[in-house]
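Right, one structure below, let's go through it.
The residues of the chain are indexed from 1 along the displayed sequence. Start at 1 and go down the list; that is how both ligands and their atoms are numbered.
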Amino acid sequence: MYSDNNLIKPTSKDACQLLSHEEIARYSRQMILPELGKPGQILLANAHVLVIGCGSLGCPAALYLTAAGIGTIGLLDYGTVELSNLNREVLHTEHGVGASKVDTASSFLKTLNSHVNIVLHKITLNKETACDIIQNYDIILDCSNNAHTACIINNACVFSRKPFVSSHLQGFECHLRVYNSADGGPCYKCLNSTVDLDPVTGSMGALAGVMGCMQALEAIKLAAKIGSASSGLLFQGALAKFEKENLQERNKSCEVCGTDPVQLNKLIEEQICDIRTVHHTNGYKNGDEAAKVMPVKELSGNTGFHENYLICSTSNEVVSETASGNGSSSHKMELSSAEIARYSSQMNLPELGKTGQLLLSNACVLVVGCGGLGCPSSLYLAAAGVGTIGLLDYDEVEMSNLHRQVLHTEHGVGTAKVDSVTKFLKGLNSTLKIIPHKVVLDSRTALDVIKSYDIVLDCTDNVATRYLINDACVLSNKPLISGAALRWEGQITVYNYKDGPCYRCLFPKPPPPETVTNCSDGGVMGVVPGIIGCMQALETIKIITNIGSPLSSAMLLFNGLRGSFQKIKLRSKQPHCVVCGDNPTITKLIDYEQFCGAKAEDKEAGVSLLSRDQRLTVLEYKNMLASGSNHLLLDVRQPVELGICCLDNAVNIPYKEISRAHRIEQIKLALKERKTSQVICLCRRGNDSQLAAVALKKVLQDCVVKDIVGGLTQWARLVDNSMPIY
Ligand SMILES: [Zn+2]
Ligand SMILES: [Zn+2]
């Protein structure tokens, strides 16, 4: 993004400065990230991003840009959908074969997010058209996977001074690079010698999914001005190995971005026609920031990743269909010609071949959780042709899911998550057996469901369910592909596979419940679970087809802010593990909520610490304000949340800091200034405010400390409708 960029945009939609209540509800989980907040979300809403190529990279990139709320997304592709695209180009459908790719892609994107303005460019990008189109956008994604197109994009981006995010795939290897960034990064031509790839012979959809998501993440960071971008990444998919690339600096004598004006003018005349408004001033500074070496993040206990998918209930719903894993009857020995056409590009991978494709079509995989991780992982399993996919989730779609749970739609809010995912997967690949399980996974149901499958993906969000799935997989001897995402970070590993450790080997004891449950939760950048979910699909495919080395006894840690991955070695299988060790004491499933001291969900887990007389309802507080009663209002949320909405005159002290000495002094001073001994604590939903009140009562013995029931959510509902609920 360049501040002096005031070129005419492709649409007349006015730059929006404010977010509607619906948008705040929709994006709240990412807006509570301090790095983004409301200002960052507004930057996204005003951003114009062009996705060049609606294929294997463009589909996931466009999907997550749309979910994240990028205001204007251009889709550029001349092609039409073919059956052979569907193993990796996941926004197209069988029904759309023969139709224009930009049409099929945009038709789903509009149902995911109707706020986004999607501009279709059904053209071939060439020297004549490139500059005209590119100058209307802020950020360009090169999803063409084609060196010739990359050169054209590069020239136009250099001349229009736009950053572009590129990835290239070659078999199981891929590069991600941000070229021409405003901080002086190199252009494509500066590094050309190292990035030329042989013609693509085969590709794996899930791998393109990871890279397309990475491109979306870099575009989001550029649009919201978060972090630094001029770096590269090399990913070896079969080994689950990422390396940071130290990109060279910009090459001063580069024939495209070098600053020799004579050469540049010549190039413009020769290569780019019809450029009317190019002013190639020296807008770059030579970058002297080499890619930083990343410190190793320690894995210290369970990190408490949580999202809300599994609700406990007393429902007696039964599973009507079952999968047929583990060597039951209908094993496929041959592929039909339609299947060969559909999967040809991945069958061209020497690691996979026809043998691997047959293994995939005979595999039965259970995806537990149809949310931020379950959507992308099930999507790429279906594209790759995993014959039977079970989808397990009891939950229903909410508006606040849509920024990361990309297979649901606005129209589907209030309906079962398994239904929207099933519908999407069947549209992409009708040849599979998709089995929805709209049940609660608990100690009574887990073994029964899991026994029909070969491999289980844990795409859930809470500790109790993680232990439950782990124990059920150990007892049924199934590998478990476990993913987690929170804020800008994610992790993935494989448990219980070929003498590797299980979850309990690593985390014998659950974390204290109070470190996990919190009403002002941490939030998550939507594309981070996208990246981890695609990785889960890739690991699953590798295990089914015996490719490379799966992440057993190793964990991949992802940091989205840095755009870096780290692979750490995990401790090996523990002989004393209570479930997978030599003398296990857990031989059947237990009560996991009791074991963890926490519910197997995180739906507004109501804290009840204060008695009624120690609390105020929002109406009582409204009357108190009207009467002019002297008091100190303490807002105990994170500072970023006050940017979304707050009450006048509130003093902000985050709940986690409330007991610190300098904060107590700050409160005492504020009470003195206001000549009062009355403290009212306020938070988002009335949970943290109780915890804060309990803590303050201990140190402010002379004061009356109360909190507000239901917090700002209740205030917005009953007192002030102009306030958004997030
Ligand atoms: Zn250059
Ligand atoms: Zn174990």
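Judged purely by atom type and a 3.5 angstrom limit, Asp393 uses its side chain to pair as donor or acceptor with the backbone of Cys370. Counting only distance, with no hydrogens or angles, the side chain of Lys569 and the backbone of Met555 share no donor-acceptor pair below 3.5 Å.
To the nearest 0.5 Å, atoms SG (Cys213) and CG (Leu57) are separated by 10.0 Å. The CG atom of Leu441 sits 5.0 Å away from the CG atom of Leu468 when rounded to the nearest 0.5 Å. We find the CD-CG distance between Gln536 and Leu480 to be 9.0 Å, quoted to the nearest 0.5 Å.
Between the SG atom of Cys577 and the SG atom of Cys505, the angle centred on the Zn ion (ligand 2) amounts to 110° when rounded to 10°. The SG atom of Cys502, the Zn ion (ligand 2) and the SG atom of Cys580 define an angle of 110° (nearest 10 degrees).
Taking the six-membered ring for Trp and thresholds of 30 and 60 degrees, Tyr188 and His168 have nearly parallel ring planes, at less than 30 degrees apart.
No cation-pi contact links Arg571 to Phe507, judged by a cut-off of 6.0 Å to the six-membered ring centre and 45° from its axis.
If you count the protein N, O or S atoms nearer to the Zn ion (ligand 1) than 2.8 Å, you get 4.
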